[in-house]
Q: 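Please see the structure below; I have some questions.
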Amino acid sequence: MPASHTRWATVPPYPPTPTAIRTGVPTDTTPSPSGSRTGRARTAALLVLAVLATVLVVAPPAGATPAVRATNPLVAQRADPHIVRHTDGYYYMTATAPEYDRIVLRRATTLQGLSSAPETVIWRRHTSGIMGAHIWAPEIHFIDGRWYVYFAAGATDNVWAIRMYVLEGTGANPLTASWAEKGQIRTPWETFALDASTFVTNGVRYLIWAQAEPGIATNSNLYIARMANPWTLSGSPTRIAVPTLEWEMRGGVKVNEGPTVLQRNGRIFLTYSASATDANYCLGLLTASAGSDLLRASSWVKSPQPVFTSNSPTGQWGPGHNSFTVSEDGLSDILVYHDRNYRDISGDPLRDPNRRTRIQKVYWNADGTPNFGIPVPDGATPVRLRSDNLPDRFVRHWEYRARLEANVTNLADSQFRLVPGLAGGSTVSLESTNFPGYHLRHRNWEVWVERDDASSTYRADASFVQRTGLSNPAGVSFEAVNYPGQYLRHSGGLLYLRTVADATGNAEATFVLE
């Protein structure tokens with residue numbers, strides 16, 4: 001991974017209000033509330049460049065896509081979720097049921113619709129022998145005109161004899177298809193193996209999975225191989241990752257598992273899960289060039305830090321075993337994963353049933369790498385406010401001051417939840433994603449991110465009437481509820497509450513939700 005791919009720090013839930021704010025315009029290295037640095041001077045040259053930048057009109061960023069709205073959690077008590085959007089216009093979802101005894105499917109025309117869609121059992125575990133216990137991590141794929149479900153299972157006489165198996169479904173709708181067992185996916189070793197997934201690149205279909213390899217003292221490593229057909233490997237597998245980093249071995253286990261692939265920008269991004277399945281669970285990332293030999297271990301580069309971890313302020317613990325799907329408009333990549341909304345678990349985490357399926361939008365850094373941010377709070381998923389007239393810049397907080405900035409790699413600093421207005425009525429408030437309970441509010445005509453103190457003044461200052469964009473009907477503008485005619489508006493890289501009286505003001509007070 002490029003050196004710029006860094007871990008997003010967990011922030012304290014209620015940081016102190018700063019006593020002083022610098023006036024310089026930050027770059028990618030400027031601190032946020034999750035890691036403030038003090039004493040770094042801004043030069044006059046930077047200030048001049050910042051002022052010039054505010055009057056330049058630039059092309060929209062290549063990765064600009066509309067907002068994705070959903071409510072988390074999507075589905076309760078469903079772990080290891082896999083969601084695919086098919087050509088028939090339906091999303092199909094499968095996941096691990098906490099009883100570990102069956103494979104379930106549901107479908108809906110929208111992602112949010114999956115939350116209330118009826119569930120169908122398409123297969124149940126055997127009453128004896130193989131495939132009789134620990135039915136885990138199903139994935140559904142449509143390959144050459146038929147449906148395939150990959151899953152892991154133990155045996156009734158040895159529940160930990162976990163192996164990978166395949167079902168084949170015939171029929172247009174997998175919920176009513178005829179399903180047949182295609183048997184075990186055979187690898188060179190008859191050992192603990194799970195989490196099979198498949199993808200195609202450059203016309204070649206691959207299987208990726210996790211397995212314990214004899215002679216390596218780990219619980220599971222990651223492997224890739226070509227496929228002769230949807231249930232048979234072709235040629236020898238390649239080991240592409242072994243848990244060696246501290247964050248891959250927490251909780252008394254050494255785990256790399258749950259691989260899945262996202263392809264974009266000429267690269268293959270393979271996420272995987274690491275450590276124990278409690279609050280230590282997290283996502284790691286391997287990256288390969290789409291044109292490289294994927295069967296060469298050296299083609300895959302491991303990110304040195306996890307890319308998605310537990311987050312105390314948002315109340316999300318143990319995010320992992322993810323998949324990817326796309327938004328309804330096909331323009332955004334969606335991260336699908338499970339976690340819990342509490343940290344401490346009584347007993348074996350595998351016996352705790354409360355892992356929930358959640359979704360949130362994937363954003364893209366300027367260098368073409370994915371930015372997953374942090375597990376967002378329960379409830380409405382957040383959005384970013386992109387400037388309409390400076391479309392490479394987003395509203396973000398930096399030392400609690402609201403400002404515009406490009407390439408915000410600390411993604412959560414630029415994510416806000418549109419929630420019912422604190423002042424009531426038909427108003428909205430914009431709540432910080434990584435500082436729940438903090439909102440954008442105006443104070444002395446400046447815009448800050450500050451904690452709700454329950455005062456009537458704060459709640460009025462943090463409430464706005466959402467209007468159609470003053471300069472773009474596809475955007476939005478936010479009018480102060482307690483100062484009609486005054487809008488959130490950027491100027492000189494900072495946000496203020498100001499009137500608008502001309503085309504420039506309209507543009508500076510218009511934002512596009514992403």
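Below, all heavy atoms of this structure are taken into account, side chains as well, without hydrogens, waters or symmetry copies.
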Q: For F511 and F478, take the angle between the two ring planes, folded into 0 to 90°, and tell me which bin it lands in: parallel under 30, tilted 30 to 60, perpendicular over 60.
A: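 Correct class here is tilted.
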Q: Could you tell me which residues satisfy side chain to side chain donor-acceptor pair (under 3.5 Å) with T96, sequence neighbours excluded, listed by chain and number?
A: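 Testing T96 for side chain to side chain donor-acceptor pair (under 3.5 Å), a comparison that skips the adjacent residues, returns D80.
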Q: So, R384 and E514, do they make that salt bridge, N to O below 4.0 Å?
A: no
Q: Test of understanding: with salt bridge (charged side-chain N to carboxylate O under 4.0 Å, His left out), list the residues that count as partners of E119, not counting sequence neighbours.
A: R78, R106
Q: May I ask you to decide if the ring planes of H321 and H338 are parallel, tilted or perpendicular, using 30° and 60° as cut-offs?
A: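 Parallel: the ring planes of H321 and H338 meet at under 30°.
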Q: Does Y92 have any ring-ring contact (aromatic ring centres under 6.0 Å, His included) partners at least two apart in sequence or in another chain, and if so, which?
A: W147
Q: If you define the side chain from C-beta out and look only at heavy atoms, does anything of F308 sit under 4.5 Å from Q360?
A: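 Yes, side chains in contact.
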Q: Both conditions, 6.0 Å and 45 degrees, for the charged tip of R459 above the ring of F464: are they met here?
A: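 Relative to the ring axis of F464, which defines the angle, R459 lies outside at least one limit.
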Q: Could I get the full list of ring-ring contact (aromatic ring centres under 6.0 Å, His included) partners for Y150, not counting sequence neighbours?
A: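 For Y150 the ring-ring contact (aromatic ring centres under 6.0 Å, His included) partners, ignoring immediate neighbours, are H141.
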Q: A cation-pi test, strictly: NZ or CZ of R358 under 6.0 Å from the centre of the six-membered ring of Y337 and no more than 45 degrees from its axis. Yes or no?
A: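 Cation-pi check for R358 and Y337: fails.
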Q: Using the salt bridge (charged side-chain N to carboxylate O under 4.0 Å, His left out) criterion, which residues pair with R340? Sequence neighbours excluded.
A: D352
Q: If you measure from CG on L335 to CG on L262, what distance do you get to the nearest 0.5 Å?
A: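 So the CG of L335 and the CG of L262 are separated by 9.0 Å.
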Q: For residues S414 and E405, determine if any side-chain heavy atom of one lies less than 4.5 Å from a side-chain heavy atom of the other.
A: no
Q: Can you see whether W448 has R401 sitting over its ring - NZ or CZ less than 6.0 Å from the centre and within 45° of the normal?
A: yes
Q: Who are the ring-ring contact (aromatic ring centres under 6.0 Å, His included) partners of Y483, not counting sequence neighbours?
A: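 Applying ring-ring contact (aromatic ring centres under 6.0 Å, His included) to Y483 gives H442, W445.
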Q: To the nearest 0.5 Å, tell me how far N311 CG sits from T309 OG1.
A: 6.5 Å
